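Single-structure report; data block below.
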Protein chains: 2
Amino acid sequence: MGILILMATQRTDPLALEVVELIGTVVARYHAEYEQAAAEHALTGAQARVLGLLSMEPIPMRRMAQKLKCEPSNVTGIVDRLEARGLVERRPDPSDRRVKLAAATQEGRSTARRLRESLDFAREPLAQLTEVERAVLRDLLRRMLGEETAEPPSAAGS
Amino acid sequence: MGILILMATQRTDPLALEVVELIGTVVARYHAEYEQAAAEHALTGAQARVLGLLSMEPIPMRRMAQKLKCEPSNVTGIVDRLEARGLVERRPDPSDRRVKLAAATQEGRSTARRLRESLDFAREPLAQLTEVERAVLRDLLRRMLGEETAEPPSAAGS
DNA sequence: CCTGAATATTTGAGATTGTCAAGTATTGGG
DNA sequence: CCCAATACTTGACAATCTCAAATATTCAGG
């Protein structure tokens with residue numbers, strides 16, 4: 001019997017396939033809503049993502065590239081465009097003159113806040129679920145993602 | 001009590017926020033794996049998505065644009081590149097000479113199949129869950145997404 | 001102190017994705 | 001037959017992304 005179960009979960013398990021399909025739908029929906037919310041603030045998806053990160057704290061260009069999993073030269077362009085619109089500024093890093101800190105301006109932070117509020121992926125789909133169901137969903141997603149959800153320690157070098 | 005529950009689910013509900021956060025993580029993970037799997041077959045994400053759809057059945061350019069939620073002229077370019085690599089071909093539609101059907105070639109279908117197999121978002125994260133848990137997750141995702149997920153059934157409803 | 005490797009950022013070239021407007025071919029109703 | 005609608009392509013342009021090369025700065029050794 002063990003072999004049968006293994007084979008069933010290994011390949012063409014209809015349940016797993018359906019879950020993957022559903023997750024694909026969630027991903028598509030999430031993306032569409034994010035792009036639309038960004039567009040309503042005259043931002044592209046990439047710009048909204050960067051601005052969202054910078055609204056929390058100033059970040060060196062290099063680290064931003066790591067967070068976005070892209071080349072640093074790409075971040076240069078995105079920050080350029082945000083800076084040209086007064087949403088972001090570059091500051092020197094006092095402790096290392098090679099580093100430039102990208103930081104949201106006052107206007108950038110308020111744009112980021114409005115963006116977050118208009119991003120109601122939370123409300124609409126989750127409203128279908130009861131409190132208990134949401135807790136179950138949270139636990140299942142946690143287990144699915146494993147423990148690595150936590151931030152990697154920023155103090156120690158990677 | 002009703003008012004309290006309403007307020008709690010309306011704004012800054014920590015449970016809903018955490019679920020949204022987790023979904024964001026799932027989205028990021030899914031995307032990263034998809035792009036990587038595509039890249040391993042020398043495809044971009046957009047090309048992989050189109051090829052995946054075409055591996056099922058030929059589709060008019062117009063409908064492809066609707067599925068991808070983009071302009072038809074964009075599909076032209078993506079299919080151009082896939083066609084230049086012999087993965088896709090354009091066929092006339094016998095019933096309407098305005099229409100061009102994009103169809104995967106033999107090689108295109110086999111590439112799409114290998115791509116699907118290497119896309120193991122299914123196996124790794126879902127392996128953490130038991131059969132029952134996966135079923136619960138499926139039902140919660142279905143409810144969350146509403147009924148619109150289902151294909152218009154030809155025979156019985158879902 | 002000086003040299004050289006390593007690091008942080010930018011610049012420039014080029015590919016891809018995406019939009020929009022305009023052009024061509026075909027369909028179908030009046 | 002005519003004309004609006006439809007399907008697709010083309011061309012121009014912006015944004016995102018990668019890669020290689022250039023610049024500035026740090027830091028470790030001699």
Side-chain angles (χ1 to χ4, degrees), chain A residues 28 31-32 34-54 58-85 87-103 154 157-158, chain B residues 28 31-32 34-36 38-54 58-85 87-103:
Chain A
H31 237 83
Y34 196 91
E35 290 284 334
Q36 180 176 345
E40 279 162 12
H41 294 272
L43 294 170
T44 66
Q47 288 165 2
R49 227 165 299 131
V50 168
L51 186 57
L53 288 170
L54 292 182
I59 299 177
M61 303 293 284
R62 192 84 177 75
R63 268 189 57 70
M64 179 62 74
Q66 289 165 346
K67 289 201 185 216
L68 300 179
K69 296 188 204 306
C70 71
E71 297 299 314
S73 61
N74 191 17
V75 179
T76 297
I78 297 172
V79 169
D80 278 351
R81 281 162 221 125
L82 288 172
E83 193 168 29
R85 288 177 44 188
L87 300 175
V88 156
E89 63 183 7
R90 284 174 166 94
R91 301 177 192 161
D93 181 335
S95 69
D96 187 337
R97 277 184 298 177
R98 290 171 301 181
V99 175
K100 281 176 190 160
L101 295 172
S154 55
S158 61
Chain B
H31 235 84
Y34 196 91
E35 291 284 333
Q36 180 176 344
E40 278 162 13
H41 295 272
L43 295 170
T44 66
Q47 288 165 3
R49 228 165 298 132
V50 168
L51 186 58
L53 288 171
L54 292 183
I59 299 177
M61 303 292 284
R62 192 85 177 74
R63 269 188 55 70
M64 180 62 74
Q66 289 165 346
K67 288 199 186 218
L68 300 179
K69 295 189 204 306
C70 70
E71 298 299 315
S73 61
N74 191 17
V75 179
T76 297
I78 297 171
V79 169
D80 278 351
R81 282 163 220 122
L82 289 171
E83 194 168 29
R85 286 177 46 187
L87 300 176
V88 156
E89 62 184 7
R90 284 174 166 93
R91 300 178 192 162
D93 182 336
S95 69
D96 187 337
R97 277 185 298 178
R98 289 172 302 182
V99 174
K100 281 176 191 159
L101 295 171

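Convention: sequence-line order gives letters A, B, ...; per-chain numbering from 1. Note that this is a predicted model, so its numbers are computed, not measured.
- One finds the CG atom of A:Asp96 at 9.5 Å from the CG atom of A:Leu101 (value rounded to the nearest 0.5 Å).
- In this structure, A:Asp93 places its CG atom 19 Å from P of D:dA24, rounding to the nearest Å.
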Report task. With side chain to side chain contact (heavy atoms under 4.5 Å, CB included) as the test, would you mind laying out the steps for B:Gln47 and B:Leu51 before giving the verdict? Result -> CA-CA 6 Å; B:Gln47 288 165 3; B:Leu51 186 58; over 6 Å; no
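- Contact annotation: A:Thr76 reaches the phosphate of C:dT10 (side-chain N/O to OP1 or OP2, under 4.0 Å).
- Not one side-chain nitrogen or oxygen of A:Arg90 sits closer than 4.0 Å to the OP1 or OP2 atom of C:dT9.
- Within 6.0 Å of atom CZ in B:Arg63, 12 or fewer heavy atoms from other residues, nucleotides or ligands are found, so the atom counts as exposed in its surroundings.
- Between B:Asp80 atom CG and C:dA15 atom P the separation is 15 Å, expressed in whole Å.
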Query raised in the report: Passes side chain to side chain contact (heavy atoms under 4.5 Å, CB included), A:Arg90 versus A:Met61? Steps please.
Result: CA-CA 9 Å; A:Arg90 284 174 166 94; A:Met61 303 293 284; 3.7 Å; yes
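- Atom pair A:Gln47:CD and D:dA15:C1' shows a separation of 8 Å (rounding to whole Å applied).
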Report summary line: Going 5' to 3' through nucleotides 18-30 of chain C and flagging B where a protein heavy-atom sits under 4.0 Å of the base, S where only the sugar-phosphate is that close, and - otherwise, we get BBB----BBS---
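- Atoms CD (B:Glu89) and P (D:dC8) sit 16 Å apart, rounded to a whole Å.
- Distance, B:Met64 CE to D:dT6 P: 21 Å, rounded to whole Å.
- Taking OG1 of B:Thr76 as the start and CZ of B:Arg81 as the end, the distance is 10.0 Å to the nearest 0.5 Å.
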Report task. Take A:Val99 and A:Arg62 through the side chain to side chain contact (heavy atoms under 4.5 Å, CB included) test and state the conclusion after the steps. Result -> CA-CA 8 Å; A:Val99 175; A:Arg62 192 84 177 75; over 6 Å; no
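- Positionally, the nearest nucleotide of DNA chain D for B:Ile59 lies more toward the 5' end than for the other of A:Gly45 and B:Ile59.
- Remark: C1' of D:dA15 and CG of A:Leu82 are 12 Å apart, rounded to the nearest angstrom.
- A sub-4.0 Å separation between OP1 or OP2 of D:dT16 and a side-chain N or O of A:Arg81 is present.
- Rounded to whole Å, atom P of C:dT16 lies 14 Å from atom CD of B:Glu35.
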Requested in this report: Take A:Val75 and A:Val50 through the test side chain to side chain contact (heavy atoms under 4.5 Å, CB included) and record every step on the way to the result.
Outcome: CA-CA 9 Å; A:Val75 179; A:Val50 168; 5.7 Å; no
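- One atom, CG of A:Leu43, and another, P of D:dA15, lie 12 Å apart when rounded to the nearest Å.
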